[in-house]
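Atoms within each ligand, like the ligands themselves, are counted from 1 in listed order.
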Amino acid sequence: MRSDANIAGPMTDPVPGPRTESMGEDVSRETPPPMDDTPIGRAAQLAVEALGRAGEGLPRPEQTRVMVVANQKGGVGKTTTTVNLAASLALHGSRVLVIDLDPQGNASTALGIDHHAEVPSIYDVLVDSRPLAEVVQPVPDVEGLFCAPATIDLAGAEIELVSLVARESRLQRAIQAYEQPLDYILIDCPPSLGLLTVNALVAGQEVLIPIQCEYYALEGLGQLLRNVDLVRGHLNPTLHVSTILLTMYDGRTRLASQVADEVRSHFGDEVLRTSIPRSVRISEAPSYGQTVLTYDPGSSGALSYLEAAREIALKGVGVSYDATHAHIGAQSDRSMVEGIQ
Ligand SMILES: Nc1ncnc2c1ncn2[C@@H]1O[C@H](COP(=O)(O)OP(=O)(O)O)[C@@H](O)[C@H]1O
Ligand SMILES: [Mg+2]
């Protein structure tokens with residue numbers, strides 16, 4: 001990655017995410033949600049098979065890859081990317097843990113994990129040194145996928161952590177003490193660069209930055225990159241930005257392709273060839289406590305996350321990626337998934 005510091009812009013407050021109703025998308029292209037009598041995990045498995053690579057499997061990393069999904073802007077697709085990539089990797093055969101580090105608990109909700117105030121959560125792990133294993137729950141319908149939920153208590157952790165010993169490395173310690181075998185840990189960060197995000201950066205090796213293909217996409221990223229450098233310099237020498245993912249890409253607008261070009265010229269190879277299209281199905285899935293992979297396995301959103309997961313898995317083991325399907329979302333994918341419903 002080029003370390004251009006000049007992409008820094010003024011710090012922005014979190015911006016609200018786009019609203020579903022304003023998405024001008026051709027919904028008719030998408031497949032209907034799965035029927036009630038179809039086990040949804042099975043339907044999602046069929047989507048993987050529809051990509052024509054069933055049985056081929058994906059290489060699993062030799063060691064657990066801990067990926068920090070961060071961008072201090074709100075509404076850029078961090079949570080959406082965390083849960084859908086995690087589900088995709090699990091459907092490709094990996095064992096994956098999502099750590100919800102945002103007090104909003106949106107990742108927990110999207111994975112159908114109960115996270116009311118009494119549920120043992122990542123707050124207990126960070127503040128009370130509770131073992132991670134005691135808060136991890138299996139995600140319904142997706143084999144191999146697990147979640148450490150966030151409860152609203154976590155909002156106070158940012159302050160409570162300040163006075164604790166080893167306040168920056170509490171998540172790292174918890175992960176190191178977790179004994180279950182895992183291929184990936186994906187950490188969903190809040191839209192800020194406070195102690196919660198610092199804990200994630202100290203715990204991970206890789207940073208995955210989702211970038212929304214909108215005006216000002218790069219604004220504020222300089223601050224995140226400087227924080228990554230600081231953490232690497234002082235606390236975690238292995239940390240690096242490994243992956244940039246373009247989200248909410250609308251191939252019909254010139255702005256989206258201009259932003260994509262700009263991001264690619266700043267970051268080069270770190271930018272995945274696969275981008276995630278704007279998709280109503282992606283935004284609907286969380287309200288059913290599901291990822292798009294189980295909610296509508298044949299949709300362009302599901303297929304593009306499966307493809308991004310594939311690219312990430314291959315990059316991790318140094319295998320070159322065949323980008324034939326990288327633009328899945330940009331066109332109709334109906335023909336690819338016909339017959340799976
Ligand atoms: N590819 C997409 N297409 C349509 N809506 C999306 C897409 N990605 C995210 N969204 C929606 O945008 C909003 C913000 O996404 P979210 O993942 O919550 O962002 P963040 O975690 O960065 O705040 C949510 O309402 C989400 O459903
Ligand atoms: Mg979020």
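For ligand 1, the atoms lying closer than 4.0 Å to a non-hydrogen atom of V76 are 19 (O), 20 (P), 22 (O). Every atom of ligand 1 is numbered from 1 in the order shown, and the set under 4.0 Å from a heavy atom of G75 is 14 (C), 19 (O), 20 (P), 22 (O), 23 (O). Close approach to S283 involves these atoms of ligand 1, each under 4.0 Å from a residue heavy atom: 5 (N), 27 (O). Per-residue contacts place I276 under 4.0 angstrom from the following atoms of ligand 1 (heavy atoms of the residue considered): 1 (N). Heavy-atom contacts of G74 reach the following atoms of ligand 1: 23 (O) (cutoff under 4.0 Å).
T81 and Y305 share a donor-acceptor pair across their side chains, judged by distance under 3.5 Å alone. Side-chain contact of S108 with D100: a donor-acceptor pair under 3.5 Å is present, judged by distance alone.
Residues D261 and R264 are not paired through a salt bridge, judged by the lack of any N-O separation under 4.0 Å between the basic side chain and the carboxylate. At a threshold of 4.0 Å, the pair R60-D183 counts as salt-bridged, since one of the basic side-chain nitrogens sits closer than that to a carboxylate oxygen. Salt bridge absent: R273 and E311 never bring a charged side-chain N and a carboxylate O closer than 4.0 Å.
Residue T81 places no N or O, backbone or side chain, under 3.5 Å from any N or O of ligand 1. Remark: ligand 1 and K78 share an N or O pair separated by less than 3.5 Å (distance only, no angle test). Backbone and side-chain nitrogen or oxygen atoms of S279 are examined, and one is located within less than 3.5 angstrom of a nitrogen or oxygen of ligand 1. Here's the thing with I282: none of its N/O atoms is less than 3.5 angstrom from an N/O atom of ligand 1.
Heavy-atom distances between T247 and ligand 1 stay at or above 4.0 Å for every pair. Look at G77 and you'll find a heavy atom under 4.0 Å from some atom of ligand 1. Heavy-atom separations between P286 and ligand 1 are all 4.0 Å or longer. By the 4.0 Å heavy-atom criterion, N106 is excluded from the residues contacting ligand 1.
Both I211 and Y215 are assigned to one and the same hydrophobic cluster, defined by single-linkage of ILVMFWY side chains at heavy-atom distances under 4.5 Å.
By the side-chain hydrogen bond (donor to acceptor under 3.5 Å, both in side chains) test, E160 pairs with Y123, sequence neighbours left out.
Of the heavy atoms in P277, only backbone atoms (N, CA, C, O) come closer than 4.0 Å to ligand 1.
Residue Q258 qualifies as enclosed at atom CD: its count of foreign heavy atoms under 6.0 Å is above 12. Environment of CG in D114: crowded, with over 12 heavy atoms of neighbouring residues, nucleotides or ligands closer than 6.0 Å. Applying the 6.0 Å contact sphere to CD of E179 captures no more than 12 heavy atoms from other residues, nucleotides or ligands.
The main-chain N or O of R278 is never found under 3.5 Å from a side-chain atom of D250 such that the two would form a donor-acceptor pair.
Residue-and-atom listing of protein N/O/S atoms under 2.8 Å from the Mg ion (ligand 2), sorted by chain and number: T79 OG1.
The only member of L272, I276, V271 that meets side chain to side chain contact (heavy atoms under 4.5 Å, CB included) when paired with L246 is V271.
Shortest non-hydrogen contact noted between P140 and G112 is CG-O, 4.1 Å.
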